[in-house]
Amino acid sequence: MADIKRFLARRALTFIPTLIGVTFLAYIIAFAIPANPAQAWAGGIKANPEVVARIIREYHLNDPWYVQYYYFMKGILTNSIIDPRWGYPVMTYMLSRFPITFQLTLFALFFLIVLGIPLGIISALKKDSWIDALVRTWALVGVSVPIFWLGYIFIYIFFYQLGWINIAGIPYPKVHITGVPIIDALLSGEWNIVLENIKRFILPGFTLGFAGIGVIARLVRNSFLEAISSDYIYFARMRGLKYRRIMTHALRNALVPVVTVLGLQFGGLLGGAPITETVFSIPGMGRAMVDAIFSMDFPLLIAGTFLVAIIYVITNLIVDILYAVIDPRVRF
Amino acid sequence: MSAEEVYEKKILDRFSDALIAFVVKIITLFRKDWAKRNKSRIDEWRLMLYALNRSPIGIAGLVLGLGFVIVGIIGPWIAPHSYDFSYIMATGKFKEYYLAPPGTGGALLGTDDLGRDLLSLLLYGARVSLMATVLVLPIGITIGIIIGLIAGYYGGAVDEILMRLTDVFLAFPGLILALAFSSALTQRIALAIAHSQFLTSLISSLFGVKPVDALNVAPILSIIVALWIVWWPGYARMTRGLTLQEKNNVYVEASKALGLSSPSIMFRHILPNVLGPIIVMMTLDIGGVILTEAGLSFLMGAMVKIPDWGAIVQAGSQYLVQGKWWLVIFPGLAILISVLGWNLFGDSLRDILDPRTRRSIEFKIKKRKKIEKGEKQ
């Protein structure tokens, strides 16, 4: 166990500079912002000069970069960056949108796991069958399809032609525990809300996860094939173990790399969320960021980018630790 | 083992032989004895192309991918109509042109809500997509390779600092970081274009738009700049890994013993040996750039006022729930085909450039040939 402690310490040490770097990069975005957003925030060309001057003072727009960085960090740590449009703290606003994005990602991950992994296993067991061809095609086509296009095709078929789904609003349960609608509904036992949430999120989730399903399936297939042809399986066969036992042995080892890729996919899913949320009009973080672009609400945009990066970095940390726990070989 | 021994020649092989002969001829123009000294390398190239000729998927991908490039180059010139709607205003029959379904009103793929011919818009959009790819990849890759080589070659503190820097960029999901940067940069770039006559004419000729619309290319250019920022870390990390493996080879030690300078060892000796996987990744990334660029221009939607595949989908999506499907389906199909082409090609290129898998491909074909001969006897 001393081993894993050293690994954790090392990993935590490299985590801190990354975190500082992330704040700095997020700040550089702020620095790249066009000359004077204050004018736009105060109401465009006809804005009152006094209001513009007050906004410049409030957001430190005329200060040198290190002063700006100081206030940026202070604002993030104390949650005192105020949205110029509504006057809410931006972090609070973004965090209030997070549960919806989280639910969307959850649905996508669900498809990745329940479709991707079994498809990969079947295609490895029946190599060169039609299902194997399907998996390989899916992996290639999945990363080539623009997800907004896929989403619109689903909307055209299932909303316009068949009328099976709903693409407006989010069904919220009466109680508020975690903030994630479907989990709250499950906890409080409001089954019709659960069902409506599934109806609302199943297509966006599938659209968002479409590329990942193919990637995961191909990964499982290849690593399972590799495991089957390795020495310990050969040995297990020689000992006369049952087919099922042998396959369980192979599968356990084949699924180790999947943990990492699922973690990496999580970042991809978060990154794809703005597009999926725009297509299906889901009011999550991604949608809020896209809206912020159009109203030049850069504090909100930067807060969103920063928050997503933090979530992503922490997920990667957890995945790395999980990987080290599962597979002792990576601890070095 | 020379190329002739392995394969029976087919039509495509003659073509690829001619292609290589042409390349060799061009190189010998600059260096007289190159062909003689690199005989084995030329033979290796021929073998690679022979292996590619025997992979139908790779050839199909190459045809689609080159199709995208060719359409991107000639698109604006062969487009039946202009991309703005002045020609419709001139006819005065706006109602006939408004959202005409495919095949009606002389529009093969239908028209959009301004009455413009969708086919023409797609052809102009191909140029924008192509320019994005051409401008993003070489620069992103060059930055990545330089940083990766330096980190991998020097190791130690340099490596640690450069890789932590790379980690920071990789900590953001690419699309989100690019979205933030491109929206922050748009106005600055527009200002730069507005103040420079040279930039205006350069951009309008590169992107196939009228000089008046050069300012409207600013969102696309900001997407391109944002993609530089997003695209290099992957290459840096990959090149570093390859360099770490490569620098333990004897030839690196020999070059050091000969007193070669570090840049010379890195770029003239290590780089050619790590280029294979980088080329494969680049081929696969062509599709990635097209896709990401389309996604970003889709998100920026109304801000993009020149024909771009992603923006056309965004503009057309509001009519989808009225059953006007063509404005979404056709641009998306154009993206899908271009991206799929390069991905298919990259996938088979990976098998061909990897010596292990290529030998097995050659072995398979050779074996089959022998069996056929045996049956004849």
Side-chain angles (χ1 to χ4, degrees), chain A residues 14 17-22 24-26 28-35 37 139-141 143-153 155-156 159-161 167 266-275 278-279 286 289-290 292-294 296 298 301-302 304-306 308-310 312-313 316, chain B residues 57 160 163-165 167-188 190-191 229 284 287-288 290-291 294-295 298-303 309-310 313-314 316-317 320-323 325 328-329 331-333 335-344 347:
Chain A
T14 57
T18 311
L19 214 55
I20 296 170
V22 164
F24 208 75
L25 191 54
I28 289 175
I29 302 169
F31 203 68
I33 284 173
L140 265 171
V141 174
V143 292
S144 311
V145 164
I147 55 177
F148 51 88
W149 186 64
L150 195 68
Y152 282 129
I153 289 180
I155 288 181
Y156 185 74
F159 177 74
Y160 176 74
Q161 296 283 1
I167 49 168
F266 182 74
L269 294 177
L270 275 181
I275 294 180
T278 307
V279 170
M289 285 169 68
V290 175
I293 292 175
F294 285 97
M296 295 197 25
F298 291 106
L301 184 65
I302 290 158
T305 313
F306 178 70
V308 170
I310 295 295
Y312 189 32
V313 170
N316 278 352
Chain B
I57 291 176
E160 198 67 21
M163 281 304 110
R164 287 294 81 77
L165 187 72
D167 278 352
V168 169
F169 281 83
L170 286 173
F172 291 82
L175 193 101
I176 302 244
L177 187 62
L179 185 67
F181 265 109
S182 57
S183 60
L185 287 170
T186 303
Q187 286 203 354
R188 279 179 188 249
L191 268 179
I229 296 167
L284 291 170
I290 300 172
L291 211 55
F298 168 79
L299 285 178
M300 294 173 88
M303 285 165 82
W309 290 344
V313 171
Q314 207 280 333
S317 66
L320 189 74
V321 286
Q322 298 170 16
W325 49 271
V328 169
I329 298 296
L333 215 54
I335 300 170
L336 173 64
I337 290 171
S338 324
V339 177
L340 190 64
W342 282 108
N343 279 348
L344 289 175
D347 216 48

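Computed from a predicted model, the values in this text were never measured in an experiment.
Between Phe294(A) and Met300(B), the closest heavy-atom pair is CZ-O, 3.2 Å. Nearest heavy-atom pair across Ser144(A) and Asn343(B) is OG-ND2, 2.9 Å. When all heavy atoms are compared, the tightest approach of Tyr312(A) to Pro173(B) is CD2-CD, 3.7 Å. Closest approach of Ala184(B) to Phe298(A), counting heavy atoms only: CA-CE2, 3.9 Å.
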message: If you apply the rule side chain to side chain contact (heavy atoms under 4.5 Å, CB included), what do you find for Phe148(A) with Val328(B), and how did you get there?
response: CA-CA 9 Å; Phe148(A) 51 88; Val328(B) 169; over 6 Å; no

field: Residue pair Ile293(A), Leu299(B): steps toward the side chain to side chain contact (heavy atoms under 4.5 Å, CB included) verdict
entry: CA-CA 9 Å; Ile293(A) 292 175; Leu299(B) 285 178; 5.9 Å; no

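The choice from Thr305(A), Val143(A), Ile302(A) that makes the most heavy-atom pairs within less than 4.5 Å of chain B is Thr305(A). Across Ile176(B), Ile337(B), Leu175(B), the residue that shares the most heavy-atom pairs under 4.5 angstrom with chain A is Ile176(B). Interface remark: of the candidates Glu160(B), Gln314(B), Gln322(B), Gln322(B) forms the most heavy-atom pairs closer than 4.5 Å to chain A. Looking only at heavy-atom pairs under 4.5 Å with chain B, the residue among Gly272(A), Gly271(A), Gly304(A) that has the most is Gly271(A). Note on Leu19(A), Thr18(A), Ile29(A): by heavy-atom pairs under 4.5 Å with chain B, the leading option is Ile29(A). Residue with the most contacts toward chain A among Leu179(B), Leu291(B), Leu177(B), Leu165(B): Leu291(B) (heavy-atom pairs, distance under 4.5 Å). Between chain B and the options Val145(A), Ile155(A), Ile28(A), heavy-atom pairs under 4.5 Å are most frequent for Val145(A). Top candidate by heavy-atom pairs under 4.5 Å with chain B, chosen from Val313(A), Val290(A), Ile275(A), Ile20(A), is Ile275(A). Top candidate by heavy-atom pairs under 4.5 Å with chain A, chosen from Ile329(B), Leu170(B), Asp347(B), is Ile329(B). When each of Leu320(B), Asp167(B), Leu344(B) is scored by its heavy-atom pairs under 4.5 Å with chain A, the top score falls to Leu320(B). If you tally non-hydrogen atom pairs under 4.5 Å between each of Phe169(B), Trp342(B), Phe181(B), Trp309(B) and chain A, the highest count goes to Phe181(B).
When heavy atoms are compared at a cutoff of 4.5 Å, Ile153(A) approaches chain B solely by way of its side chain, counted from C-beta outward. In this structure, chain A has heavy atoms under 4.5 Å from both the backbone and the side chain of Phe172(B).
To the nearest 0.5 Å, atoms CG (Leu336(B)) and CH2 (Trp149(A)) are separated by 5.0 Å.
In this structure, the side chains of Val313(B) and Tyr152(A) come closer than 4.5 Å at one or more pairs of heavy atoms.
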